[in-house]
Amino acid sequence: MGRSAISKAMPKKVREQHVSGLSSAKSSKRKGDQAVKFGSLSRKQKNDLKEYGTLIPQDFEDNDDDESNKRRRVVYEEDLDRAMEEEEIQFESDKQDESDEETWEKPSAYSQLVGSLQKTSKNRVFYDRIKREQEGIEEEASEDEYDMVDEQEEGSELGDDDEELDDKEESGEEEEEEEEDDAEGLAEKEEEEDQIMIGDESSDEEGNGRAEDIFSRHFADEQPKQFDQDISRIVERKWTMEAFEDDALKDVVSYTPTASKSIKESKPITDLVKVQVRARIAKIWKKANKNCVDPEDETKIFTPLQDRLFQQFNAYRDVLYCNRSLDNAAEIRNAYVLHALNHIHKTRDRIMRNTNRITKAQTDNVDIGEIRDQGFTRPKVLIVVPFRNSAVDIVDAMIRLSGSEQQENKRRFYNEYKLREEDTVDDTKPADFLATFKGNIDDHFRLAIKFTRKSMKFYSDYYGADMIIASPLGLRMMIGAEGDKKQDFDFLSSIELVIFDQANNFLMQNWEHVEHIFQYLNKIPLDTHGCDISRIKNWYLDKKAKYLRQTLMFTDFLTPEFNAVFNKYFLNVAGKLKIKQKYEDGSILDVIPQVQQTFTRVDTTSLAAMDDTRFKYFIEKTLPGLRKSAIMQSHTLIFIPSYFDFVRIRNYFEDNMYSYEPLCEYTTPKGITRARGQFFHGRTSFMLYTERVHFFRRLNIRGTFHVVFYGLPDHPQFYTEIVNFLGLKFNEASAAEEATFSCTALFSRYDQLKLERIVGTDRAQKMCSAQKNVFMFA
């Protein structure tokens, strides 16, 4: 039968057995030579002493040398009473001598285990050194002692039977050497099998021309003394900032707890193994990334952008990258998939290797100390994307890069996440619309993936998976709200790498879901979920995991929402980077109609008062100017970025009997057709048009003579597309009407990020700080 973990760790007590199952005379003789206190006897020994007057009755002894002892000894009651009185007197005297000892209590199983380990010759050196340290003796152990401890940790496996151990103790020196050689050979063979099972383990170590493994240092259980100091600086927001330009990344602003020069280093990566990428992934990378890299240049394994990004990924810094586009989307996706797979394999390999070490140490009866290499739960990587089609692209990249021979539930995944054949997309839409809405655009999904050495398993249990790919809505529905009875967020407790791709699309869904996810990352779980508490890293237990978590966010542009998340939730002690670009001219150059475009700055005292100030300016200044003439009043499209502002203006129009048609993301297809028809034929004067409905449908609103931007759009291409509505010619527009075509946009100094994407960075700075508040573009 198998032995438990505690019984394996306990030293084996060797004793010769009689054929009857009782202890032989040899063992009793050895025990009899030593003085035994009554208080240290077991309950059975005390009963034997009271009943027979001795620990082991002589009539049970089997001594071949003394034939006279084979006769049964007659014990009288008076002798037993006398012996018991003597033993009681001896016990009372011992109890008085040991006045510092308290009433004896049965030791716990842990105390018995530690005591037995201290008595064994194999562990005596280790525990003696611990005892000296506790007593304050700072003598360093000799080299011979450390060598002895190392040899003990590398000791061979013991036999399962006690008879084999007895034979080894009684045998000569030659037999001991032969058995040790055999055991060492067996241990080496098992180590080779373990390496084959868990893959390339040596990549965690330094040497052989490889750089230091930042993964091992960053996620080590024992963090340096500077760790707590860095956390204090982060909490107090005392970051060390440095801005610099990079040829591939553009404008970079770095934030570190202490000054660091390594962020600027840009030595190209020529070998993935040298930067601690698993060998089984590195050998597949070039083939998986062939569509992004120039095939004629065989020396390069990365594009310039991939090279600079992966250097930051591999250093486990947080990155907010705001220059994503259709051209570099595949490059970025391949880079973070490489990083995510490498992180998962390193984590799993380390856990499996330590598990093998613990098992081997228990078998060899060796103390290897405390090993903490796990979190509360297994999932380590979280990837958040807006639609199912994005999940398909990520999974395709993972299958190519992982080199897995088998993918469980692969057919089910593609059936649920790919677009049906009968569904089609209008090819006349803009390129960014086609890239975003190709395939399945369902925004409610969750997918758990488990990785093994040779396979991937889709639809794994969340607490048995390594990676989770989900949408913000899918995670929000699973996490629940505070106070719900069925809240489940424990699977986010041990996330070490979180990736948000196409983050600008989250603004068009519900940004509150993203903030909700951040709030529940790396919290203490409500249940253990079968984790080994003794192997949980200390910084998980201390609620410091958020300071080691790496967060990567990729978006097409920078907004105040991304800035807020960057400042509040990007707390990595390794540092963080905000990467954006300078806009030279902006999207205003793509406007086709020759129409005068007027930008009016609305000044306000604070950001909190901005909404009320803008609404007041619109109803008192902008709207009366549109109603001065019949020509200006008709065919006017009012673009409103926020749904809340849309509701506010719609209610105002309804209360004041304006002729208008509302068109928002919640309008039914039938309502959209009716609104477009009424506006085109001039039966209604105004159309209220939101940014979200344009994002999801990209409608061409014909019959537009005048455009009013209640606020600037987040997407710079939307400004161009809406102004180009004025160029959609139709027969009902006269020359006089075409001459009155106009475009008016309201903005504030808080809209500088939006404004620079439309008119350029330099112009936006001037427009936000100039004394005048009206600016004309033609």
Side-chain angles (χ1 to χ4, degrees), residues 234-235 237 239 255 318-322 324 336 379 381-387 390-391 443-446 462 468-484 486-526 543-572 576-580 607-608 610-611 641-645 665 691-692 695 711 714-715 750-751 753-754:
I234 292 172
V235 172
R237 296 189 177 183
W239 295 93
Y255 299 77
D318 292 349
V319 176
L320 172 59
Y321 184 78
C322 304
R324 185 185 179 277
Y336 71 67
V381 178
L382 173 66
I383 301 180
V384 185
V385 288
F387 304 112
S390 303
D443 63 348
H444 185 191
F445 64 91
R446 298 180 296 268
Y462 289 103
I468 296 175
I469 304 176
S471 65
L473 177 60
L475 286 176
R476 176 65 184 268
M477 296 299 292
M478 186 172 183
I479 294 172
E482 187 174 356
D484 291 350
K486 295 184 179 180
Q487 264 196 301
D488 187 7
F489 55 83
D490 291 354
F491 63 96
L492 300 176
S493 61
S494 302
I495 295 295
E496 296 176 349
L497 172 61
V498 57
I499 302 172
F500 293 85
D501 196 7
Q502 298 175 271
N504 51 288
N505 292 339
F506 300 150
L507 298 171
M508 298 292 102
Q509 294 176 338
N510 192 336
W511 183 252
E512 185 182 351
H513 296 340
V514 177
E515 294 180 341
H516 193 75
I517 294 170
F518 274 112
Q519 292 172 4
Y520 283 91
L521 283 174
N522 303 119
K523 296 188 71 174
I524 299 296
L526 302 177
K543 299 182 180 181
K544 296 179 180 179
K546 61 183 178 180
Y547 298 106
L548 293 170
R549 181 191 71 228
Q550 184 183 27
T551 306
L552 307 177
M553 182 172 286
F554 306 98
T555 175
D556 293 5
F557 44 79
L558 182 63
T559 68
E561 290 84 356
F562 298 140
N563 271 330
V565 167
F566 182 80
N567 295 329
K568 187 175 181 179
Y569 298 110
F570 284 46
L571 305 174
N572 197 337
K576 58 182 180 180
L577 285 79
K578 184 190 296 184
I579 304 171
K580 61 187 295 290
L607 178 61
M610 186 63 241
D611 291 338
S642 170
Y643 180 75
F644 300 105
D645 291 330
E665 57 269 29
E691 184 172 5
R692 281 186 179 179
F695 172 80
D714 282 318
H715 298 74
Y750 301 107
D751 296 328
L753 293 175
K754 297 179 180 180

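Numbers for residues simply follow the sequence, beginning at 1.
Between the side chain of Tyr750 and the main chain of Leu607, a donor-acceptor pair closer than 3.5 Å is present. Using modelled atom types, one side-chain atom of Asp318 and one backbone atom of Thr551 make a donor-acceptor pair closer than 3.5 Å. In this structure, Gln487 contributes its side chain and Ala481 its backbone to a donor-acceptor pair below 3.5 Å. Using a distance-only test at 3.5 Å, with no hydrogens or angles considered, a donor-acceptor pair links the side chain of Arg692 to the main chain of Gln509. Distance alone, capped at 3.5 Å, places no donor-acceptor pair between the Asn505 side chain and the Pro386 backbone. With hydrogens and angles ignored, the 3.5 Å screen pairs no side-chain donor or acceptor of Asp488 with any backbone N or O of Met478. Arg324 contributes no side-chain N or O that, together with a main-chain N or O of Phe554, makes up a donor-acceptor pair within less than 3.5 Å.
The cationic group of Lys523 lies under 6.0 Å from the six-membered ring centre of Tyr520 and within 45° of the ring axis, placing it in a cation-pi geometry. Annotation: cation-pi geometry not satisfied between Lys578 and Tyr255 (NZ/CZ under 6.0 angstrom from ring centroid, within 45° of ring axis).
When each of Leu475, Ile495, Val498 is paired with Ile517, the side chain to side chain contact (heavy atoms under 4.5 Å, CB included) condition holds for Leu475 and for no other.
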Worksheet item: Taking it one step at a time, do Phe500 and Phe518 satisfy ring pair (Phe, Tyr, Trp, His ring centres under 6.0 Å)?
Response: CA-CA 11 Å; Phe500 293 85; Phe518 274 112; 5.0 Å; yes
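Heavy-atom minimum distance, Lys546 versus Asn522: CA-OD1, 4.0 Å.
Note on ring orientation: taking the six-membered ring where Trp is involved, the planes of His715 and Phe695 are tilted (angle from 30° to 60°).
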